[in-house]
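Below is one structure, written out as structure tokens, with a few remarks after it.
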Amino acid sequence: MRFVVTAGPTREALDPVRFISNRSSGKMGYAIAEAAIRQKHQVTLISGPSALRPPRGAEIISITTADELYRAVHRSLRGCDVLVMCAAVSDYKPASVSPRKLKKRKAAFTVRLIPTRDILASLPKRRRYLVIGFAAETHDLKIHAKKKLRGKNCDAIVANDVSGSETGMESDENEVTIFFREGENKMISRAPKKIIGRELVKIIAKMWEKSLTKKSW
């Protein structure tokens, strides 16, 4: 199987030194990529800024912005069997970027934000690869994850609670619930992200094998 895995944050510039981003470390996406390589799968890892060392054996594509991620994903879809959208993509970006550093002022000022491209929503409805989305939520996890599953036409959504500091973003551990298109769900209890990554790759491999038996593929 050929995996395309996105990982880490994106950054949206305000000026040459400041940007809007999030707390994603990339650990979960890198763990999935590493686990897939260990299972002898081909892996393209599209990574936002991260301090992590890329797993050996992966094709690495480095990106910074949501627009760059959008282009990299669409370029990588040819021959893809599984797209794992684990990156924490910025939902908004500044409407304009100052060419010079914005100087400190005494008065308040407003930054106008506009939505970034919705990568999951941009994927074709009919396709020959699986799409696994991620949902990082602080509340109503099940409701939001199922809404994203349906609205973004994913085959599964991996949801995790990021309201605390012990699991999720920046942590070495995670606890996730996988919501499948068919209506089932499966919880993976708190564990190191490397172990979560291995479990996810096993589940995805079974999904792929099952999909091959369907006439619609």
For the pair [X] and [Y], find out whether any cationic side-chain nitrogen is under 4.0 Å from an anionic carboxylate oxygen.
{"X": "E34", "Y": "K194", "value": "yes"}
{"X": "D81", "Y": "R128", "value": "no"}
{"X": "K101", "Y": "D15", "value": "no"}
{"X": "E209", "Y": "K206", "value": "no"}
{"X": "R127", "Y": "D155", "value": "yes"}
{"X": "D172", "Y": "K27", "value": "yes"}

Using the rule that Ile, Leu, Val, Met, Phe, Trp and Tyr join whenever any side-chain heavy atoms are under 4.5 Å apart, tell me whether [X] and [Y] fall into a single cluster.
{"X": "L141", "Y": "M187", "result": "no"}
{"X": "L52", "Y": "F3", "result": "yes"}
{"X": "M85", "Y": "F179", "result": "no"}
{"X": "V97", "Y": "F109", "result": "no"}
{"X": "I195", "Y": "V84", "result": "no"}

Checking side-chain polar atoms at under 3.5 Å, does [X] have a donor or acceptor matched by the opposite partner on [Y]?
{"X": "R2", "Y": "T44", "value": "yes"}
{"X": "Y30", "Y": "S47", "value": "yes"}
{"X": "S163", "Y": "D161", "value": "yes"}

Between [X] and [Y], what is the shortest heavy-atom contact and its length?
{"X": "R56", "Y": "I37", "result": "O-CD1, 3.5 Å"}
{"X": "P99", "Y": "P16", "result": "O-CG, 3.3 Å"}
{"X": "P49", "Y": "P9", "result": "O-CD, 3.2 Å"}
{"X": "A156", "Y": "M207", "result": "CB-CE, 4.0 Å"}
{"X": "G29", "Y": "L45", "result": "O-CD1, 4.4 Å"}
{"X": "A33", "Y": "P55", "result": "CB-CG, 4.1 Å"}

Donor-acceptor pair, [X] side chain versus [Y] backbone, under 3.5 Å?
{"X": "T177", "Y": "A159", "result": "no"}
{"X": "T116", "Y": "S90", "result": "yes"}
{"X": "T138", "Y": "V162", "result": "no"}

Straight-line distance of [X] [atom1] to [Y] [atom2], nearest 0.5 Å:
{"X": "I63", "Y": "R11", "atom1": "CD1", "atom2": "CZ", "answer": "10.0 Å"}
{"X": "I114", "Y": "D91", "atom1": "CD1", "atom2": "CG", "answer": "13.0 Å"}
{"X": "H74", "Y": "C80", "atom1": "NE2", "atom2": "SG", "answer": "11.5 Å"}
{"X": "R181", "Y": "C154", "atom1": "CZ", "atom2": "SG", "answer": "8.0 Å"}
{"X": "I132", "Y": "F180", "atom1": "CD1", "atom2": "CZ", "answer": "8.0 Å"}
{"X": "D67", "Y": "T10", "atom1": "CG", "atom2": "OG1", "answer": "9.5 Å"}

Side-chain heavy-atom pair [X], [Y] within 4.5 angstrom cut-off:
{"X": "V82", "Y": "H41", "result": "no"}
{"X": "L120", "Y": "K148", "result": "yes"}
{"X": "L69", "Y": "R71", "result": "no"}
{"X": "N160", "Y": "E137", "result": "no"}
{"X": "L123", "Y": "V131", "result": "yes"}
{"X": "I61", "Y": "E68", "result": "no"}
{"X": "I196", "Y": "M28", "result": "yes"}
{"X": "I46", "Y": "V5", "result": "no"}

Using the rule given for side-chain contact (heavy atoms from CB on, under 4.5 Å), can you reason through F19 versus E12, listing the C-alpha separation, both sets of side-chain angles and the distance that settles it, and then say yes or no?
CA-CA 5 Å; F19 54 81; E12 308 301 330; 5.8 Å; no

Checking L77 against V4 for the side-chain contact (heavy atoms from CB on, under 4.5 Å) test, could you report, in this order, the C-alpha distance in whole Å, the side-chain angles of both residues, the deciding distance, and whether it holds?
CA-CA 8 Å; L77 290 178; V4 175; 5.6 Å; no

Could you check I178 against I157 for side-chain contact (heavy atoms from CB on, under 4.5 Å), going step by step and ending with a plain yes or no?
CA-CA 6 Å; I178 309 162; I157 288 285; over 6 Å; no

Count the heavy atoms belonging to other residues, nucleotides or ligands that lie under 6.0 Å from CZ of R18, then report whether that count exceeds 12.
yes

From CA spacing to verdict: side-chain contact (heavy atoms from CB on, under 4.5 Å), I20, Y92
CA-CA 8 Å; I20 296 172; Y92 296 92; over 6 Å; no

